Amino acid sequence: KCAAAFLCAAATVRGAWGALSGGMLYPRESPSREVKDLSGLWSFRADFSPGRNAGFEKSWFSGRLSETGPVIDMPVPASFNDITQEAQLRDFIGWVWYDRELWVPGRWLSDEGLRIVLRVGSAHYYSIVWVNGAKVMEHEGGHLPFEADVGNVLRKNPSQPCRITIAVNNTLTLQTLPPGSIQHMDDPTMYPPGYFVQNINFDFFNYAGIHRPVLLYTTPNVYIDDIAVQTSFADNIGIIVYQVSVAGSSEPAVQVTLTDKDGRCAATSGGSSGTLRVTDVNLWWPYLMHENPGYLYSLEVRPQAAASRPTDLYALPVGVRTVRVTDTRFFINNKPFYFHGVNKHEDYDIRGKGLDWPLVVKDFNLLKWLGANSFRTSHYPYAEEILQMCDRHGIVVIDECPGVGIKDIRSFGNASLAHHLVVMEELVRRDKNHPSVVMWSVANEPASEMPPAGRYFKELISHTKALDPHRPVTFVSNSNFNRDLGAPYVDVICVNSYFSWYRDPGHVEVIPIQLKTQFENWHGKYQRPIIQSEYGADVVSGLHSDPPMMFTEEYQEVVLQNYHKVFDQKRKEYVVGELIWNFADFMTAQGTLRVVGNKKGIFTRQRQPKSGAFILRDRYWRLANETGRLPPWTRYPCH
Ligand code: BDP
């Protein structure tokens with residue numbers, strides 16, 4: 001099989017799974033750390049050779065990419081798919097190659113007391129990285145960062161510019177997250193020689209490339225490798241239990257200072273682990289739950305190196321808050337919290353899943369306009385920069401891993417589980433300190449009624465709880481409540497349903513009875529709080545019909561209103577949230593059910609509101625006024 005070779009290439013480089021080493025602190029500048037952002041134009045070539053293996057056979061990493069064939073400009077960060085006019089590149093499966101050259105500051109190279117770290121914010125899906133032709137790291141999986149100390153490689157050639165080469169393969173297998181499979185079409189009367197497609201079981205375009213910034217940053221050789229904080233409070237005293245791991249020194253003394261928003265010292269401590277107590281603490285509150293949401297302290301950590309060596313400094317934003325779940329309620333800071341929010345995607349015209357600041361800020365403005373207090377990172381971890389915005393603005397997050405489309409029984413085996421556990425470790429390692437993150441979601445709509453799902457989810461969820469005993473864990477189900485083998489292990493039931501859409505299309509009148517039955521079944525059986533984690537209807541913006549018909553703005557409105565009636569009854573009992581599917585229209589694979597993408601957004605892909613957005617806005621501000629403590633000037637519609 002022609003394409004088998006490039007799968008083998010992916011298989012031979014696999015093996016990076018295994019124990020995680022080191023922390024994954026977000027690279028921040030400080031007096032001891034510098035950051036060089038390599039965003040911009042890189043050279044790019046997709047390997048269209050039949051086996052997709054020419055790059056390895058001809059060692060494209062050993063010189064400039066432009067020396068081994070034609071290259072095009074490719075922006076980083078961005079998906080490569082929609083950048084050119086070529087359908088072949090949009091739908092490409094296999095290895096793509098990026099490289100660029102840069103000068104590393106001379107003082108970085110001459111100072112042997114510095115580590116120089118190369119970090120990729122995320123690349124989809126399997127990545128291999130070389131510096132000046134020497135392999136420095138491999139990573140499996142999109143949506144999460146990876147990094148390596150490249151100081152030694154760079155110092156070998158201080159007078160030359162530094163060349164970074166990154167090969168990325170978007171091939172999915174039954175053991176990757178998300179899973180996928182390559183199908184070869186062997187009938188020569190129907191398909192050209194070597195023809196194959198990649199099958200996926202998820203409903204968003206499989207964008208690929210370098211999706212988040214590539215950075216070089218420095219730290220001293222004795223450096224803060226990781227920090228973990230756990231917060232609580234008693235009366236007006238905030239309690240921050242911290243743990244610092246310092247690398248490069250066997251017994252470092254650590255000094256910790258907590259400063260408030262105005263830069264005043266709120267508490268201090270010494271030692272690599274300890275407890276800080278903050279009097280008259282400002283708690284971290286969600287947006288619309290308090291007049292001063294998203295309050296962040298800064299935890300300044302300094303290991304004491306030998307007098308002659310530079311001292312590292314890392315300042316971690318910290319929000320003091322608690323999360324607790326009972327069988328009917330979700331509490332933040334001991335107050336019942338109701339999720340009135342959205343599901344999102346990282347998705348936009350041209351850049352696909354590439355991090356894009358104007359889009360990020362626009363989306364936060366829209367969330368606030370809407371009165372949304374939360375979102376789920378459907379169906380993979382979002383950029384750290386987005387979570388930092390959530391921390392600062394008080395937007396609550398259900399943090400989901402890329403466990404989407406697990407539908408094939410072969411994706412419930414040991415290899416899949418082992419990889420899923422590593423991905424959860426990477427996710428918790430990255431996001432554990434974000435106050436906005438209140439729950440982990442280990443999967444979306446897996447085939448959780450299949451026999452192996454019981455053991456799979458039992459292990460996956462208990463492992464996740466061991467990684468982080470302080471946050472509830474869920475996965476999002478659309479299985480039959482009675483046959484769901486994973487549900488017994490979750491803290492909160494998250495259910496997706498599309499009444500009057502995929503089932504009973506056109507019959508909005510069935511929504512109230514079916515939704516009521518859904519809630520009563522799930523709560524009756526599992527005695528857990530429930531979030532309606534998806535519901536909605538496609539709308540081609542601008543289509544109208546009265547009485548409503550599917551795909552018109554009026555139909556989405558009336559679907560929403562019918563769901564809302566039942567939410568209002570059941571939120572008095574045990575329903576703790578509602579998340580619309582979806583915040584905005586987004587691109588999908590082509591198919592008979594999709595009109596240039598999924599149109600269930602309440603905003604178009606270009607972020608213009610459909611009429612459903614106004615229904616939701618009225619509702620969310622009403623809910624906020626009922627459940628929050630808003631000062632008069634923030635109340636809708638004056639906001
Ligand atoms: C749900 C999936 C989501 C889809 C949505 C839909 O979780 O990813 O986009 O259906 O069909 O089942 O619109």
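For this chain, numbers begin at 1 and follow the sequence in order. One-based numbering, in listed order, for ligands and for the atoms of each. These figures come from a predicted structure and were not determined experimentally.
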Is the closest side-chain donor-acceptor distance between His544 and Glu553 under 3.5 Å?
no

Presence of salt bridge, Asp82 and Arg351, under 4.0 angstrom:
no

Between Tyr555 and Ser500, does a side-chain contact (heavy atoms from CB on, under 4.5 Å) hold up when you go through it step by step?
CA-CA 10 Å; Tyr555 194 87; Ser500 85; 3.3 Å; yes

Side chains of Glu346 and Tyr207: is there a donor and an acceptor less than 3.5 Å apart?
no

List by chain and number: which residues place a heavy atom under 4.0 Å from ligand 1?
Asp203, His379, Asn444, Glu445, Asn496, Tyr498, Tyr502, Glu534, Trp581, Phe586, Arg594, Asn598, Lys600

Check whether the side chains of Tyr338 and Glu578 place a donor and an acceptor atom closer than 3.5 Å, and report yes or no.
yes

Hey, do the aromatic rings of His345 and Tyr380 have their centres closer than 6.0 Å?
yes

